[in-house]
Amino acid sequence: MIEKNYQPADIEGRMSLIWEDSRAFSAGRPDRRDASPFTIVIPPPNVTGSLHMGHALNNTLQDILCRFERMRGRDVLWQPGTDHAGIATQMVVERQLLERQQPGRREMGREKFLERVWQWKAESGGVIINQLKRLGASCDWSRERFTMDEGLSRAVVKVFVELHREGLIYKDKRLVNWDPKLLTAISDLEVQQVEVKGHLWYLRYPLAGITFNPEDPLSYIVVATTRPETMLGDSGVAVHPDDERYTHLVGKHVILPLVGRRIPIVADEYSDPEKGSGAVKVTPAHDFNDFEVGRRHGLPQISVLDQEARINLVGNEDYLRGLPEGAQQLAEELQGMDRFAARKLILARLEDFGFLERTEPNTHMVPHGDRSGVIIEPYLTDQWYVDAKTMAQPAMAAVRSGATTFVPKNWERTYFEWMENIQPWCISRQLWWGHQIPAWYGPDGKVFVAETEEEAVGNALGYYVEQEVITAEQGREMALDRNKRAGFITRDEDVLDTWFSSALWPFSTLGWPDQTPEVKRYYPTNVLVTGWDIIFFWVARMMMMGLHFMKEAPFSTVYIHRLVRDEKGAKMSKSKGNVIDPLGVIDDYGADALRFALARGAAHSHDIKLSPQLVETNRNFATKLWNACRFAEMNDCAVSPGFDPTKAKNTLNRWIAHETARATREVTEAIEAYRFNDAANTIYRFVWNVYCDWYLELAKPVLMGEEGEPKTETRAMVAWERDEILKLLHPFMPFITEELWTVTAKRDGLLTLAPWSRKASDLTPEQLVLMSTVGPNDALIPPVLLAFDAAEFTDTSAEAEIGWVVDLVTAIRSVRAEMNIAPATLTPLVLAGTSAETRERVPRWNDVIKRMARLADISFADRAPEGAVQLLVRGEVAALPLKGVIDLAAEKARLDKELAKAEADIKRVDAKLSNEKFVANAPEEIVEEEKEKREAAEARKARILEALERLKNAA
RNA sequence: GGGCGCGUAGCUCAGCGGGAGAGCACCUCGUUGACAUCGAGGGGGUCACAGGUUCGAUCCCUGUCGCGCCCACCA
């Protein structure tokens with residue numbers, strides 16, 4: 001028995017358990033061994049994460065695909081898991097320590113701290129997994145993975161070691177984006193350019209050998225800068241080689257103000273004559289461009305800041321080298337000062353001595369750390385890099401060749417754009433939480449990279465014994481005792497960028513580097529579903545790693561969805577306070593309603609604007625479905641074992657079967673094309689506007705009438721239809737559909753494992769496999785199946801007959817409303833001059849039409865009675881004799897309006913048909929259509945004129 | 001500076017070469033035997049603007065204006 005009221009919360013809790021108990025979502029189910037696999041790897045949420053609307057959308061879409069393919073008989077693996085999220089997690093735990101006034105990370109030491117993080121992970125990590133379950137995500141939860149699992153860590157080490165051996169991972173000393181708050185290097189992608197209102201300062205750099213005089217422009221050269229404090233590290237001034245203003249100065253020197261360093265003026269194309277003064281100061285250790293300029297001209301790299309971006313000059317050999325007496329004083333004064341405080345002081349000094357020419361306001365982009373929010377400092381350090389440029393080549397080729405396709409296709413351009421300009425990927429992070437880099441150093445700094453400590457240490461000791469740095473005996477002792485080798489062989493302290501392990505996700509989760517059966521069966525995956533914000537972070541890097549290690553792209557399709565925004569279109573953010581919590585929405589309206597709202601909004605080229613009200617609308621839809629099923633139940637509409645919908649005799653039943661086949665086809669094609677919104681909207685309309693509004697309403701007289709064959713058939717058809725709807729809707733609204741499936745009949749199995757279309761159930765397993773074979777670009781081959789279905793169900797005569805009923809009822813309702821006829825007033829209907837076809841139809845629909853159009857009776861006549869309202873339905877006249885009730889003038893006005901419309905139609909068509917070029921150039925069928933339109937309009941006009949004539953007579 | 005996307009009914013969006021669509025909101029009517037979380041009906045749009053291609057343009061091309069986003073080391 002279906003409960004009277006739809007209560008999503010009850011249902012959803014229950015259904016989750018049932019699915020879990022039946023292991024419905026397990027990959028490799030015995031009944032699917034011969035089926036073709038379908039794999040999706042979840043974008044692993046951070047262990048620190050909790051479900052937000054972006055997750056809700058992302059996972060709803062994945063779930064739709066997985067449930068759809070599962071119902072089509074495929075062996076689905078939706079691989080779940082979480083990401084260790086290096087920086088984010090470390091920050092969470094550090095904050096917790098601070099809140100509890102416990103010793104900080106550094107006081108604890110690395111080992112203790114990591115223990116603490118693992119403890120945190122065990123206690124509160126991964127709450128998001130349960131939240132995903134509440135959303136209805138049909139992952140194979142038994143296969144949940146974590147990027148720092150033993151197995152996945154093994155994959156990380158293996159990849160690092162192999163890429164290092166191949167020269168694709170290397171260590172380099174160059175400028176990195178340094179986060180002075182988190183005290184770690186970060187990658188280009190973790191830097192956000194933020195527009196900042198600042199200043200452009202024009203500085204006078206005195207020429208060497210000439211006495212500086214602020215009044216004499218020939219005694220100095222002007223450089224402009226937004227970061228005056230970096231002048232401490234200047235080691236040159238660059239001018240453009242073709243800039244005639246400065247050619248005579250190239251090769252000469254300037255004396256760096258305040259500092260006193262003598263630095264050269266060089267000619268370099270980097271310098272832009274249009275910008276600033278046309279001469280630019282060169283600070284190789286604090287600016288990416290200057291770094292390159294400095295390299296080209298052999299200028300020294302003078303780093304003047306420490307890790308926390310404080311001035312560091314005292315004892316700084318690079319800085320002090322070649323400085324005159326007295327330089328020490330400035331160094332001491334500035335030492336330890338924050339970079340911005342130092343800027344102020346330096347500017348004041350420059351001004352005091354006449355070195356500051358002028359100051360201009362200047363708005364420019366300043367790099368910020370996306371986690372810390374502080375200004376990033378280009379900083380000279382040793383870091384590990386991936387040769388992304390080399391690895392990007394196969395990754396681009398795979399997309400170019402179509403081995404991997406982006407949907408929508410435009411994103412490929414974005415992908416190429418980035419890949420073509422890719423920079424070395426800095427993968428080392430000065431953090432503790434993460435995969436520690438498998439590199440060990442000897443006393444001379446030589447690097448030993450290996451998969452295990454034993455191996456690396458063995459190699460190192462062997463090397464140093466051979467070099468006679470240590471004796472063989474010492475080597476043996478150190479090999480056996482970690483304490484003995486401490487200080488001699490040390491491990492790299494750094495960990496890898498979180499995205500390094502994420503990049504391996506499509507194969508590391510399957511057990512790689514072991515050649516597991518899962519790797520064989522489920523790699524490459526079919527589709528990756530994600531937002532555009534992590535195309536670079538994640539998608540591109542999975543492509544690189546997948547192609548390199550698996551020799552195949554990790555997925556054949558990348559579906560990129562849009563963002564979820566609030567109802568006004570603003571990005572949801574905590575600070576704006578416009579965040580809609582998916583779990584709250586689920587509490588209020590149910591997961592199904594939320595999912596359907598998201599799916600209906602998931603258009604290709606628009607972000608989704610979500611409001612609670614929108615979810616409510618979709619909850620109402622669920623209620624509608626619920627009540628439709630209750631109606632079926634109340635009328636004893638039950639699944640009938642031998643029932644074959646293709647053999648239905650009743651026109652109405654043939655019609656709904658026809659409509660269902662059409663809807664099934666449309667929904668299937670839409671999901672295949674990742675047009676989730678089209679799919680969901682098609683079902684919405686089919687269920688509400690076709691099944692409920694017309695089919696059930698038209699079936700009522702039969703269902704409430706006497707027992708007999710029509711009633712038996714209709715009951716079976718109502719139930720069959722209900723089941724088809726539950727199937728179509730299941731990928732979108734899994735909970736309510738599974739509940740209704742369970743409650744409405746004794747079933748052999750769960751809906752979630754039921755065959756997608758009726759015919760699929762009739763196919764042999766071999767046929768099913770054949771049809772779900774993956775083709776190029778993951779194109780499935782269901783058109784075979786659909787053509788089959790459609791042909792079998794197509795019934796144009798049923799369509800025409802029910803169409804006529806629908807039009808007739810609609811026309812009568814419309815005119816009754818217009819004429820303000822009370823619903824209680826039953827009016828007679830006279831069909832005038834009807835065709836034999838109509839005459840034959842009427843008895844079949846007599847009850848229905850009377851009921852739905854509020855009629856007293858239906859009769860035939862040669863012509864419409866005088867003073868009747870005359871309607872045109874499919875070219876024939878339906879008259880409502882309402883003499884006395886209707887306002888003749890109003891009726892005349894109504895007919896005049898229709899006449900005008902018919903005449904306008906004729907006129908427009910005539911304009912076309914009389915155009916020789918149109919007749920000559922337009923396709924034949926279009927011309928033919930236009931002619932038919934004209935005829936129809938002419939006929940309509942004739943009928944309306946007759947009607948007007950009769951009206952006149954009545955008056 | 002480069003790139004992408006979007007401007008269609010009050011709102012959110014479909015449609016993307018041959019007569020302007022949906023949902024929500026709005027107005028009118030309705031306690032009809034699944035459903036008021038509902039039913040019936042209705043109003044409302046020079047499809048941003050200007051050119052071009054075409055027999056024909058909301059749809060294709062070019063430009064303009066407006067909005068949003070991404071990338072970029074420019075002093």
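We name chains A, B, ... by the order of the sequence lines, and we start the count at 1 in each one.
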Any pair with a residue in [range] that passes salt bridge (Lys or Arg N to Asp or Glu O under 4.0 Å), sequence neighbours left out, goes on the list, sorted by first then second residue, please.
range	value
residues 598-612 of chain A	A/Arg562-A/Asp607, A/Arg565-A/Asp607
residues 283-294 of chain A	none
residues 682-696 of chain A	none
residues 911-921 of chain A	A/Lys912-A/Glu930

Requested in this report: Establish, from distance only, whether the side-chain atoms of A/Arg413 and A/Asn410 form a donor-acceptor pair under 3.5 Å.
Outcome: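 Result is no, nothing qualifies.
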
Report task. Examine the side chains of A/Glu417 and A/Thr414 and answer whether a donor and an acceptor come within less than 3.5 Å of each other. Result ->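 Distance-only check fails for A/Glu417 and A/Thr414.
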
Would you measure the distance from the [atom1] atom in [N] across to the matching atom in [M] and give it in whole Å?
N	M	atom1	answer
B/A57	B/G44	P	25 Å
B/C24	B/G42	P	16 Å
B/G41	B/G21	P	16 Å
B/G23	B/G18	C1'	27 Å
B/C61	B/C26	P	39 Å
B/G5	B/C11	P	25 Å
B/G1	B/G43	C1'	50 Å
B/C74	B/C69	C1'	22 Å

For [X] and [N], what is the distance between atoms [atom1] and [atom2] respectively, to the nearest whole Å?
X	N	atom1	atom2	result
A/Asn410	B/C6	CG	C1'	12 Å
A/Glu928	B/G19	CD	P	16 Å
A/Trp411	B/C69	CH2	P	13 Å
A/Leu563	B/G68	CG	C1'	11 Å
A/Glu916	B/G56	CD	P	14 Å
A/Arg562	B/C69	CZ	C1'	8 Å

Query raised in the report: For residues 277-286 of chain A, which residue pairs qualify under side chain to side chain donor-acceptor pair (under 3.5 Å), counting only residues two or more places apart or in two chains?
Result: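 Those involving residues 277-286 of chain A are A/Thr230-A/Lys281, A/Asp234-A/Lys281, A/Asp234-A/Thr283, A/Lys281-A/Thr283.
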
Taking N and O atoms by type only, does the side chain of [X] place a donor or acceptor under 3.5 Å from a partner on the base of [N]?
X	N	answer
A/Lys700	B/A34	yes
A/Arg908	B/G19	yes
A/Asn915	B/C55	no
A/Glu417	B/A72	no

Query - Residues touching RNA chain B, which here means a heavy atom under 4.0 Å, drawn from residues 189-202 of chain A - result: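 Those residues are A/Gln193, A/Leu200.
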
Query raised in the report: Under 4.0 Å between a Lys/Arg side-chain N and an Asp/Glu carboxylate O for A/Arg851 and A/Glu697?
Result: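 Salt bridge between A/Arg851 and A/Glu697, a charged N being under 4.0 Å from a carboxylate O: yes.
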
Query raised in the report: Under 4.0 Å between a Lys/Arg side-chain N and an Asp/Glu carboxylate O for A/Arg358 and A/Glu360?
Result: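 Salt bridge between A/Arg358 and A/Glu360, a charged N being under 4.0 Å from a carboxylate O: yes.
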
Report task. Under 3.5 Å for both distances, Watson-Crick or G-U wobble, that's the pair rule; now give the dot-bracket for RNA chain B, with | marking pairs to another strand and [ ] for crossing ones. Result -> ((((((((.[[[[.)..(..]]]].(((((.......))))).....[[[[[..)....]]]]])))))))....

Report task. Would you please name every residue forming a ring pair (Phe, Tyr, Trp, His ring centres under 6.0 Å) with A/His199, sequence neighbours left out? Result ->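 Counting only residues at least two positions away or on another chain, A/His199 forms a ring pair (Phe, Tyr, Trp, His ring centres under 6.0 Å) with A/Trp201.
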
Query raised in the report: Who passes ring pair (Phe, Tyr, Trp, His ring centres under 6.0 Å) against A/Phe355, sequence neighbours left out?
Result: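 A/Phe355: ring pair (Phe, Tyr, Trp, His ring centres under 6.0 Å) contacts with A/Phe212.
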
Query - Audit row: A/Asp268, A/Arg296, salt bridge (Lys or Arg N to Asp or Glu O under 4.0 Å) steps and yes/no - result: CA-CA 9 Å; A/Asp268 194 286; A/Arg296 285 198 284 273; 3.0 Å; yes

Report summary line: With B for base contact, S for sugar-phosphate-only contact and - for none (protein heavy atoms under 4.0 Å), nucleotides 8-13 of chain B reads ----SS

Query raised in the report: How does each nucleotide of nucleotides 38-45 of chain B score, in 5' to 3' order, for protein heavy atoms under 4.0 Å: base (B), sugar-phosphate only (S), or none (-)?
Result: SSSSS---

Could you tell me whether [X] contacts a base, only the sugar-phosphate backbone, or nothing, with contacts defined as non-hydrogen atoms closer than 4.0 Å?
X	answer
A/Lys281	nothing
A/Tyr6	nothing
A/Asn681	nothing
A/Cys629	nothing
A/Glu930	sugar-phosphate
A/Gln613	sugar-phosphate
A/Arg619	base
A/Pro923	base
A/Glu412	nothing
A/Trp418	nothing

Requested in this report: Tell me which of A/Asn921 and A/Leu696 sits closer to the 5' end of RNA chain B, going by the nucleotide each one is nearest to.
Outcome: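 This one resolves to A/Leu696.
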
Report task. Take A/Val223 and A/Tyr684, find for each the nucleotide of RNA chain B with the closest heavy atom, and name the residue whose nucleotide sits nearer the 5' end. Result ->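 This one resolves to A/Tyr684.
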
**Report entry** By salt bridge (Lys or Arg N to Asp or Glu O under 4.0 Å) - contacts of A/Glu633 (at least two apart)
**Finding:**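 For A/Glu633 there are no salt bridge (Lys or Arg N to Asp or Glu O under 4.0 Å) partners, ignoring immediate neighbours.
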
**Report entry** Side chain of A/Tyr270 (C-beta onward), nearest among B/G19, B/C73, B/A34
**Finding:**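 The nucleotide sitting nearest to the side chain is B/C73.
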
**Report entry** Criterion ring pair (Phe, Tyr, Trp, His ring centres under 6.0 Å) against A/Phe621, the qualifying member of A/Trp626, A/Phe596, A/Phe686
**Finding:**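 So the option named by the test is A/Phe596.
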
Requested in this report: Please determine if a side-chain N or O atom of A/Arg413 lies less than 4.0 Å away from the OP1 or OP2 oxygen of B/G3.
Outcome: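 No, A/Arg413 has no side-chain N/O under 4.0 Å of OP1/OP2 on B/G3.
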
